[in-house]
*Asks:* 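Take a look at this one; I'll ask things after.
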Amino acid sequence: MKKETSPHENKRSASGLNTLASETLPLLRRILGKQGLASADILAFWDQIAGEELAACTVPEKISFKPGERNGGILHVAVPNGAFALEIQHREKFILDKVNAYFGYAAVTGMKIRQGSVPLLRKAKQFNQPPLKKILVSEEEQNYIEELTGGVEDDRLKESLVRLGKNIIVENRK
């Protein structure tokens, strides 16, 4: 049985060393199993998605989807106690909007909050995370997306639509 490889695997730098992505992505895939790369992105970029304040008191555990689907999922978040759970519950819409803006589509529609021991409470500045991944499109494609979203007045909605447009263009290239 032939092993599937990602485009990041087997890439080597000029010095012959493996890239970080080629070493970590297969391990992350095995750990996350059926949860897929959506959960990996949430874990890797939680500080940037949720913001420093929320990331300091929450840990995303997974996104669960219905079988065969990759939208309308449930985001599972761990918090240390009831006070944090209540705060997160009040900010649920904000958090879901931020996650969906990051993905560029309605990846999550609900949230489950688990109280109890949180494996890692951290300060956002502790980790040197890369900035949110950029989706590269040509200038012509960018202008087309801007033209389509030009009439949208809500900044958050426009940001989500632009990100969705870029994702669609990139996916259609494959």
*Asks:* Going by the rule side chain to side chain contact (heavy atoms under 4.5 Å, CB included), which residues pair with Leu148 if we only count those two or more places apart in sequence or in a different chain?
*Replies:* Tyr144

*Asks:* Taking the side chain from Asp47 and the backbone from Glu52, do they hold a donor-acceptor pair closer than 3.5 Å?
*Replies:* no

*Asks:* Got a second to check how far Ile168's CD1 is from Tyr105's OH, nearest 0.5 Å?
*Replies:* 11.5 Å

*Asks:* To the closest 0.5 Å, what do you measure between CG (Asn100) and CZ (Arg156)?
*Replies:* 11.0 Å

*Asks:* Can you see which heavy atom on Gln115 is nearest to which on Asn81, and at what distance?
*Replies:* OE1-C, 3.7 Å

*Asks:* A side-chain contact here means heavy atoms from C-beta on lying under 4.5 Å apart; do Met111 and Val99 qualify?
*Replies:* no

*Asks:* Which residues pass the side chain to side chain contact (heavy atoms under 4.5 Å, CB included) test with Lys98, not counting sequence neighbours?
*Replies:* Ile49, Phe94

*Asks:* Any chance you could pull the hydrophobic cluster mates of Val152, using side-chain heavy atoms under 4.5 angstrom and chaining through other members?
*Replies:* Leu157, Leu161

*Asks:* Locate the shortest heavy-atom distance separating Pro80 from Cys57; write the atom from each residue and the value.
*Replies:* CD-O, 3.4 Å

*Asks:* For the CZ atom of Phe103 and the CG atom of Asn167, what is their distance to the nearest 0.5 Å?
*Replies:* 10.0 Å

*Asks:* For the atom pair OG1 (Thr149) and CD (Glu159), what is the distance rounded to the nearest 0.5 Å?
*Replies:* 11.5 Å

*Asks:* With heavy-atom distances below 4.5 Å as the criterion, would you say the side chains of Ile145 and Ile169 are in contact?
*Replies:* yes

*Asks:* Check Gly73 against Phe65 and note the closest heavy-atom contact, atom names and distance.
*Replies:* CA-CD2, 3.7 Å

*Asks:* Return the minimal non-hydrogen interatomic distance between Glu61 and Ala78, and the atom names on each side.
*Replies:* OE2-CB, 3.5 Å

*Asks:* What's the spacing between Leu75 CG and Ile95 CD1 if we round to 0.5 Å?
*Replies:* 7.5 Å

*Asks:* Would you name the heavy atoms of Gly104 and Leu164 that are closest together and state the gap between them?
*Replies:* O-CB, 2.7 Å

*Asks:* What pair of heavy atoms forms the shortest contact from Ser64 to His76, and how long is it?
*Replies:* OG-NE2, 3.0 Å

*Asks:* Tell me if a side-chain donor or acceptor on Asp155 pairs with a main-chain N or O of Lys158 at a distance below 3.5 Å.
*Replies:* no

*Asks:* Quick test of your reading: applying side-chain hydrogen bond (donor to acceptor under 3.5 Å, both in side chains), list the pairs with at least one residue in residues 82-93, sequence neighbours left out, ordered by first then second residue.
*Replies:* Glu53-Arg91, Glu87-Arg91, Lys93-Asp97

*Asks:* Return the set of residues passing side chain to side chain contact (heavy atoms under 4.5 Å, CB included) with Glu69 (not counting sequence neighbours), or none when no residue passes.
*Replies:* Lys66, Asn71

*Asks:* Determine which pairs satisfy salt bridge (charged side-chain N to carboxylate O under 4.0 Å, His left out) with at least one residue from residues 136-145, sequence neighbours left out, and list them in order.
*Replies:* Glu141-Arg173

